[in-house]
Amino acid sequence: MRKINRWLMVCVCALFSLTGCYNTEPRESVLKIYNWADYIDEDMLAEFPRWYKEQTGEDIRIVYQTFDINEIMLTKIERGHEDFDVVCPSEYIIERMLRKGLLLPIDTVFGKTPNYLHNESPYIREQLDKLSWSGHRASDYAIGYMWGTAGILFNTDHVPAEDARTWASLWNLKYENKILMKESYRDAYGTALIYANAEDLKKGKVTVEELMNNYSQASIDTVEKYLKAMKPLIAGWEADFGKEMMTKGKAWLNMTWSGDAVWAIEEAEGVGIHLDYEVPVEGSNVWYDGWVIPKYARNKKAASYFINYLCRPDVALRNMDACGYVSAVATPEILEAKIDTTLSYFADLSYFFGPAADSIQIDKVQYPDRTVVERCAMIRDSGDKTELVLEMWSRVKGDNLGVGVVIVILVSAGIMVVFTVYRKLQRYQHEKAQYRRRNHQRKK
Ligand code: N2P
């Protein structure tokens with residue numbers, strides 16, 4: 001009898017585990033991470049469980065998923081269908097999440113483990129704190145991960161640098177079909193408004209920050225007009241394939257982010273394609289991505305440890321090397337590793353690394369000089385205007401059908417129905433006549 005019982009137990013367990021109903025793994029042993037694609041050194045990810053065990057004595061298994069577009073990530077989190085523990089949105093989404101009460105504060109006490117969160121550059125913390133809302137300090141909810149600019153990656157064999165130094169190149173007929181635009185409505189919005197108001201910017205009548213965050217109907221209409229004018233010239237909207245197209249020489253201009261540009265410039269060198277990157281003189285977007293813990297998270301402890309781990313200088317350096325982007329960590333180790341004395345130019349990075357870094361040899365695409373950052377601004381949440389902006393974006397992209405197209409489709413369908421009915425009626429009358437004729441002949 002006992003033997004039968006044991007077998008019965010084994011069969012039931014096997015059935016349960018096959019159907020997935022019997023899951024013995026406690027949720028606190030799982031860390032669900034949601035990050036941008038190509039945005040981490042996967043070895044550092046794989047090494048986290050060992051480090052976590054050393055620090056806490058506990059086991060952790062990582063579930064890792066990626067996204068390419070901020071809004072896709074946000075939709076999943078907002079619905080609460082996904083219980084990600086730690087995610088990496090851009091600043092305007094961090095602001096939206098904070099306002100909607102979708103974030104939990106990050107732990108800052110890690111037992112015996114040092115607190116590496118202090119390694120974040122005060123400059124990044126100051127920028128993120130602009131997103132604070134209703135007594136909630138943003139830096140309690142978000143720790144900077146990577147940051148950079150938006151600009152133009154270009155093929156130096158086909159595009160002179162002076163062309164790439166202005167957003168006008170994206171509307172230049174001579175680059176028809178050789179332009180790629182980042183599939184990011186927020187970047188496209190700012191770019192179009194900056195270009196449309198270039199004269200006023202030059203005269204100091206308006207600032208880049210005011211422009212990029214102006215959601216009046218007039219601004220939305222201007223953006224729509226300019227993006228529609230650009231659309232026939234571009235080879236496509238890219239979420240993540242732009243860098244590949246550029247390294248293969250298939251596109252010559254790519255409105256993209258600095259880290260993708262760094263990756264592409266290095267990759268292209270190996271295959272004899274020459275790429276460079278400029279932040280247009282009119283001004284641009286300086287962006288900051290940060291780690292946050294969504295309110296539906298179920299493992300806040302491991303999420304906080306993970307964020308802390310990413311702020312370790314050695315981990316930050318490896319992540320930077322893997323993806324080309326620039327870490328928000330600004331310790332002396334990072335500065336030392338990033339200074340490149342073979343470079344022929346000097347940049348002022350004191351705003352990021354501190355006063356000693358006011359004239360250093362460092363990669364200008366990764367670490368923008370103070371003058372570049374000063375002509376850029378951060379994108380803010382568009383609040384209740386978001387829907388209007390997104391509707392405009394889908395009209396530009398053609399995701400929706402215009403009234404004219406709908407009328408043409410309806411009229412064509414109508415004509416087809418009338419034609420089919422007419423043909424059927426003709427055939428019916430023809431068959432009826434034939435039948436009558438045959439009957440008539442038979443009677444004769
Ligand atoms: C990397 C995406 C970088 C995100 N694939 C820039 N905000």
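We count ligands from 1, going down the list as the structure has it; atoms in each ligand are counted the same way. Quantities reported herein were computed from a predicted structural model and do not represent experimental measurements. All values below were derived from every heavy atom in this structure, side-chain atoms included, with hydrogens, water molecules and symmetry-related copies excluded. Just so you know, residue 1 is the first one in the sequence shown, and it goes up from there.
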_Go through it in stages, so that I can follow the logic: the residues are N299 and D85, the test is side-chain hydrogen bond (donor to acceptor under 3.5 Å, both in side chains), and I'd like the CA-CA distance, side-chain angles, deciding distance and then a yes or no._
CA-CA 6 Å; N299 197 347; D85 300 305; 5.1 Å; no
*Test: D107 and K301 ion pair at under 4.0 Å*: no
Can you give me a line-by-line list of nitrogen or oxygen pairs between ligand 1 and the protein shorter than 3.5 Å?
from: ligand 1; atom 1: 5 (N); to: A37; atom 2: O; distance (Å): 2.7
from: ligand 1; atom 1: 7 (N); to: D289; atom 2: OD1; distance (Å): 3.4
from: ligand 1; atom 1: 7 (N); to: D289; atom 2: OD2; distance (Å): 2.9

*Answer with yes or no after comparing the ring centroid distance for Y52 and F48 against a 6.0 Å cut-off, counting only values under it.*
yes
_Under a 3.5 Å distance rule, please check whether W287 uses its side chain to pair with a backbone N or O of T149 as donor and acceptor._
yes
*Could you tell me which residues satisfy salt bridge (Lys or Arg N to Asp or Glu O under 4.0 Å) with K295, sequence neighbours excluded, listed by chain and number?*
none
*asked:* What I want to find out is whether R298 reaches D83 closely enough, with some N-O distance under 4.0 Å, to be called a salt bridge.
replied: yes
